[in-house]
Chemist: 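Take a look at this one; I'll ask things after.
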Amino acid sequence: EHMVRWGPWARSKDEGKTLAIAFYKDGKEIKSYQVNDLVKDYRDLPQTVSHYMWRKETGFDDVGKRVRIQLHRGPRADDTGPTLIFSIPTGEYKRATPNQM
C-alpha cells in the first residue's frame, strides 16, 4: 500500500535539487522532497570531489509507520544536524524532540 523511495547520491553541482525522499500510496507519489527542502544550504554539508552527504542516519518504524532521518550539519562528516520524523502514509514531517529519537 505504501512505499518510501530514497533519491540518488546527491551530486555536488545539483544546487540541492536532487531528490531526497519520496512517498507513494498505491503506486502514486503523494509527497517528495529535494535535498534543499530539508537542509538549509547543501554547500555547508560534507563534500567529496563529486558528491555531498545530506543524511547521516536513517531508520524505519514499521509499527508506527514512520521514517527517521538524521541530517548532517556542517562540513565535517561527524557534525550532527536535526532529526526529521516522516509519516509514511502522508509524507509529512516534523523535527524530532529528544524523546522521539
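Because the structure is predicted, anything quoted here is derived from the model rather than measured.
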Chemist: If the condition is side-chain hydrogen bond (donor to acceptor under 3.5 Å, both in side chains), which residues does Thr90 pass it with, not counting sequence neighbours?
Modeler: Ser87

Chemist: Asp61: which residues meet the salt bridge (charged side-chain N to carboxylate O under 4.0 Å, His left out) condition with it, sequence neighbours left out?
Modeler: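 Partners of Asp61 by the salt bridge (charged side-chain N to carboxylate O under 4.0 Å, His left out) criterion, ordered by chain and then number, come out as Arg66.
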
Chemist: Kindly write out the residues that satisfy side chain to side chain contact (heavy atoms under 4.5 Å, CB included) with Pro75, not counting sequence neighbours, or none if the list is empty.
Modeler: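 Side chain to side chain contact (heavy atoms under 4.5 Å, CB included) check on Pro75 returns Asp79.
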
Chemist: Out of curiosity, Thr83 OG1 to Leu71 CG, how far, rounded to the nearest 0.5 Å?
Modeler: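 Atom-to-atom, Thr83:OG1 and Leu71:CG are 7.5 Å apart.
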
Chemist: Are Ile85 and Trp54 connected into the same hydrophobic cluster when the rule is that any two of I, L, V, M, F, W, Y join if their side-chain heavy atoms are below 4.5 Å apart?
Modeler: no

Chemist: Going from OH on Tyr42 to CD on Gln34, what distance comes out if it is rounded to the nearest 0.5 angstrom?
Modeler: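 Output value for this atom pair is 12.0 Å.
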
Chemist: With rounding to the nearest 0.5 angstrom, report the CH2 to CD1 distance, Trp6 to Ile21.
Modeler: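 Answer for the CH2-CD1 pair, Trp6 versus Ile21, is 4.0 Å.
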
Chemist: Which Ile, Leu, Val, Met, Phe, Trp or Tyr residues join Tyr24 in one cluster when any pair of side-chain heavy atoms under 4.5 Å counts as a link?
Modeler: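 Other cluster members: Met3.
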
Chemist: Got a sec, which pairs hit salt bridge (Lys or Arg N to Asp or Glu O under 4.0 Å) with one end in residues 15-24, sequence neighbours left out?
Modeler: Glu15-Lys17

Chemist: Quick check against the 3.5 Å criterion: does Gln47 have a side-chain atom that pairs as donor or acceptor with the backbone of Met53?
Modeler: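 No, because the side chain of Gln47 does not come within donor-acceptor range (under 3.5 Å) of the backbone of Met53.
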
Chemist: Please enumerate all residues that pass ring pair (Phe, Tyr, Trp, His ring centres under 6.0 Å) together with Trp9, with sequence neighbours excluded.
Modeler: His51

Chemist: So, using side-chain hydrogen bond (donor to acceptor under 3.5 Å, both in side chains) as the criterion, who are the partners of Asp14 when residues are at least two apart?
Modeler: Thr18, Tyr52

Chemist: Can you list everything that forms a ring pair (Phe, Tyr, Trp, His ring centres under 6.0 Å) with His72? Sequence neighbours excluded, please.
Modeler: none

Chemist: Sequence neighbours left out, what passes side chain to side chain contact (heavy atoms under 4.5 Å, CB included) with Asp62? Give chain and number order.
Modeler: Phe60

Chemist: Quick one: does Arg73's side chain get under 4.5 Å of Lys56's, heavy atoms only?
Modeler: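 No. Closest side-chain heavy atoms not under 4.5 Å.
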
Chemist: Just how far is it from atom CG of Leu38 to atom OH of Tyr93, taken to the nearest 0.5 Å?
Modeler: 5.0 Å

Chemist: Rounded to the nearest 0.5 Å, what separates atom CZ in Arg95 from atom CG in Leu84?
Modeler: 6.5 Å

Chemist: With sequence neighbours left out, write down each residue that passes salt bridge (charged side-chain N to carboxylate O under 4.0 Å, His left out) with Arg43, or none if nothing qualifies.
Modeler: Asp41

Chemist: Tell me, please, which residues at least two apart from Phe23 pass ring pair (Phe, Tyr, Trp, His ring centres under 6.0 Å).
Modeler: Phe86

Chemist: How long is the span from the CG atom in Leu19 to the OG atom in Ser32, to the nearest 0.5 Å?
Modeler: 6.0 Å

Chemist: Does anything in residues 23-33 form a salt bridge (Lys or Arg N to Asp or Glu O under 4.0 Å)? List the pairs, not counting sequence neighbours.
Modeler: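 Passing the test, one end in residues 23-33: Glu1-Lys25, Lys31-Glu92.
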
